[in-house]
Amino acid sequence: MPTARASFIDILRARGKETVLDVATGTGFHSVRLTRAGFNVTSADGSAAMLAKAFENGQKRSMILKTVQADWRWLNRDIQGKYDAIICLGNSFTHLHDEKDRRRALAEFYAALKHDGILILDQRNYDSMLDHGYSNKHKYYYAGEKVKAEPTYIDEGLARFNYSFPDGSEYTLNMCPIRKNYMRRLLSEAGFERVRTYGDFQESYAESEPDFFIHIAEKSSLHLVRWGGATTEDGKQDIREVAETYYDSDDADTFYSHVWGGQDLHIGLYDDSTDIRTASDLTIDEMVKMLPNLNQNATVLDIGSGYGGAMRKVVRETGCSAVCLNISDVQNDTNRHRNIQQGFADKIRVVHGAFEDVPEEAAKFEVVWSQDAILHSDQRQKVLEEVYRVLKPGGYFIFTDPMQADDADPAALKPVYDRLQLNSLGSMRFYREAAQTLGFEVVEQREMTHQLRTHYFRVREGLLAQYDKLRSEGASAEYLDKMSQGLLNWVEAADAGQLSWGIQMFKKPD
């Protein structure tokens, strides 16, 4: 299954990882792929025979694998140093039948990682097998195109798999059918600060659909070094740190994935639909129609790109290329996985960064695009300066942003500000005047505040309707209750005439 395998490499590259410990080397399939991709790989396995086979397979491809025989329970006794990443693939972890061994192995993995290291661990979807019976769409995952692997017996304590080979040979493996949420809990209790789980490298999935779950566990989610510190000169927390921490949280990711459309996080147009997903697409369609220069020769920069759904739709429909700039690693990982899965890896590049300091060269883009993201900045003037810098002459900046009305009362908006840890929002007047000061031509400011009101009302309805499901998926009651009240604050502020929203488009002069 090449999509999933490519994704392991993509994750490691995107996170800047270099040293990788393959703790379930087997015959060396993943060690060889990672070595070929340029990673510094150490190949570990409990079986000397498997390591010999892996070494031989490496030699056939002109590689000398660094191998070490090691029992997971005493891993750090046999390896040297610490690693940027550990991979434990091929359903290998479920060979451990005793919980104390599972906990001991995870503790050893944790200790073998650097402070910002990640563990990538997969498992079969035993939940589906136990609850619904066995149905394997991808019969050859990890096993080769002519090898069949299917269970001959399964209960809560044992999964016995039979492997059949083209030459008629067969063998049987006994594994422990670990459930997904139990595995996630073990990883958290081992000390991993954040655990993300994908189904066959799809972020949104029905529990019975994927053959494999892939867990990405982060030892630490501290991001302070990226922005130069957690506090500003006046002693307040850097708002970029606030936004990144918020969107990287499991609570936020669970909520936005399930309720807010699943592909992107922006406000929709509800004149012709009450469905959040459809309304979100209609906003994108309207923005595309407004742009005169969006074609297959254009390159678009999306600042605050979220899960990347907008750019996949734009690239699919116009043939342009895109760069997604976003502050959340969790969302960026999902974006990259979906780009690979849907065939956009060559057309869309995903970059971690802040839009107050865009890591792109000047005069590079025909279009800069943003949907409902700039409100998270307390340096909106700086954001506009960066947009102006990276646009080509004649380029367009098109965006939406939840704003306050031009004559808003800051005291009335305090509940809205507090949720975002801000002291203000932008406004139509602010964006118009700031843009003109920089030299932009104001092409259009289309006021559509009723869409904001409808959107937040619909999202709150979705939250309340899916409250129990969100709790079962790991979102905390505290987060959901605060989100429900926060959404209500937006609705009430819009009803009181304190808020504004719409599509705005500026042009950099030729």
Side-chain angles (χ1 to χ4, degrees), residues 242-243 246-247 249 251-284 286-287 304 306-307 309-310 328 331 370-377 399-406 408-428 431 446-467 469-470 475-504:
V242 173
Y246 171 76
Y247 282 110
S249 71
D251 281 334
D253 192 59
T254 300
F255 168 71
Y256 288 116
S257 294
H258 287 82
V259 176
W260 206 304
Q263 289 286 330
D264 42 51
L265 312 179
H266 61 255
I267 291 169
L269 302 184
Y270 290 87
D271 294 335
D272 299 317
S273 177
T274 60
D275 176 66
I276 295 172
R277 172 78 259 128
T278 302
S280 295
D281 282 347
L282 290 172
T283 303
I284 299 170
E286 189 63 24
M287 293 169 71
Y307 296 111
S328 166
Q331 292 176 355
S370 184
Q371 289 183 266
D372 307 321
I374 305 175
L375 76 162
H376 290 293
S377 177
F399 69 103
T400 63
D401 201 41
M403 300 171 290
Q404 61 191 48
D406 286 344
D409 176 10
L413 284 173
K414 190 173 187 306
V416 172
Y417 296 157
D418 287 349
R419 175 175 168 264
L420 302 170
Q421 298 191 40
L422 294 171
N423 296 315
S424 69
L425 292 168
S427 66
M428 287 284 189
Y431 281 118
R446 191 181 303 179
E447 194 277 326
M448 309 162 76
T449 304
H450 65 288
Q451 305 288 2
L452 176 146
R453 195 269 181 204
T454 302
H455 185 79
Y456 281 100
F457 181 83
R458 285 289 297 114
V459 170
R460 186 170 185 269
E461 279 189 328
L463 184 156
L464 296 176
Q466 298 189 56
Y467 190 96
K469 176 177 174 57
L470 291 166
S476 68
E478 179 185 14
Y479 173 86
L480 295 176
D481 293 343
K482 285 183 177 179
M483 176 60 75
S484 176
Q485 183 59 53
L487 292 167
L488 182 60
N489 291 339
W490 280 89
V491 172
E492 292 178 344
D495 287 341
Q498 298 292 329
L499 294 176
S500 181
W501 184 85
I503 302 175
Q504 304 183 62

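In this chain, residues are counted from 1 in sequence order.
Closest of all the heavy-atom pairs between S500 and M428 is OG-CG, 3.9 Å. Nearest heavy atom pair, residue Q371 against residue T400, reads CA-OG1, 3.3 Å. S424 and Y417 get closest at one heavy-atom pair: CA-CE2, 3.6 Å. Nearest approach of A310 to I284, heavy atoms of both residues: CA-CD1, 3.5 Å. The shortest heavy-atom contact between A405 and G497 is CB-O, 3.5 Å. Nearest heavy atoms, A408 versus L413: CB-CD1, 3.8 Å.
Considering only heavy atoms from C-beta on, L488 stays 4.5 Å or farther from Y456 through its side chain. No side-chain heavy atom of L452 sits under 4.5 Å from any side-chain heavy atom of M403. In this structure the side chain of Q485 never reaches within 4.5 angstrom of the side chain of D481, judged on heavy atoms.
Taking CG of D271 as the reference point, atom CG of L282 lies at 9.0 Å (rounded to 0.5 Å). Atom CG of N489 is separated from atom NZ of K482 by 13.0 Å, given to the nearest 0.5 angstrom. Going from atom CD1 of I503 over to atom CE of M448 covers 4.5 Å, rounded to the nearest 0.5 Å. Considering CD of Q498 and CG of D409, their distance stands at 5.5 Å, rounded to 0.5 Å. Note that the NE2 atom of H266 and the OG1 atom of T283 stand 5.0 Å from one another [nearest 0.5 Å]. To the nearest 0.5 Å, atoms CD (Q451) and CD1 (I267) are separated by 9.5 Å.
In this structure D418 satisfies the salt bridge (charged side-chain N to carboxylate O under 4.0 Å, His left out) test together with K414, sequence neighbours excluded. Partners of S484 under the side chain to side chain contact (heavy atoms under 4.5 Å, CB included) rule, at least two apart in sequence or in another chain, are R460, L463, L464. The salt bridge (charged side-chain N to carboxylate O under 4.0 Å, His left out) search around D495 returns R453, not counting sequence neighbours.
Each of T449, D372, D401 was checked for a side-chain hydrogen bond (donor to acceptor under 3.5 Å, both in side chains) with W501, and the lone residue meeting it is D372. Among the candidates T274, D281, D275, the single residue satisfying the side-chain hydrogen bond (donor to acceptor under 3.5 Å, both in side chains) test with T278 is D275.
The aromatic rings of H455 and Y270 lie tilted to each other, with the angle between the two planes from 30° to 60°.
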Give the C-alpha distance, both sets of side-chain angles, the deciding distance and a yes or no for side chain to side chain contact (heavy atoms under 4.5 Å, CB included) between M483 and V459.
CA-CA 10 Å; M483 176 60 75; V459 170; over 6 Å; no

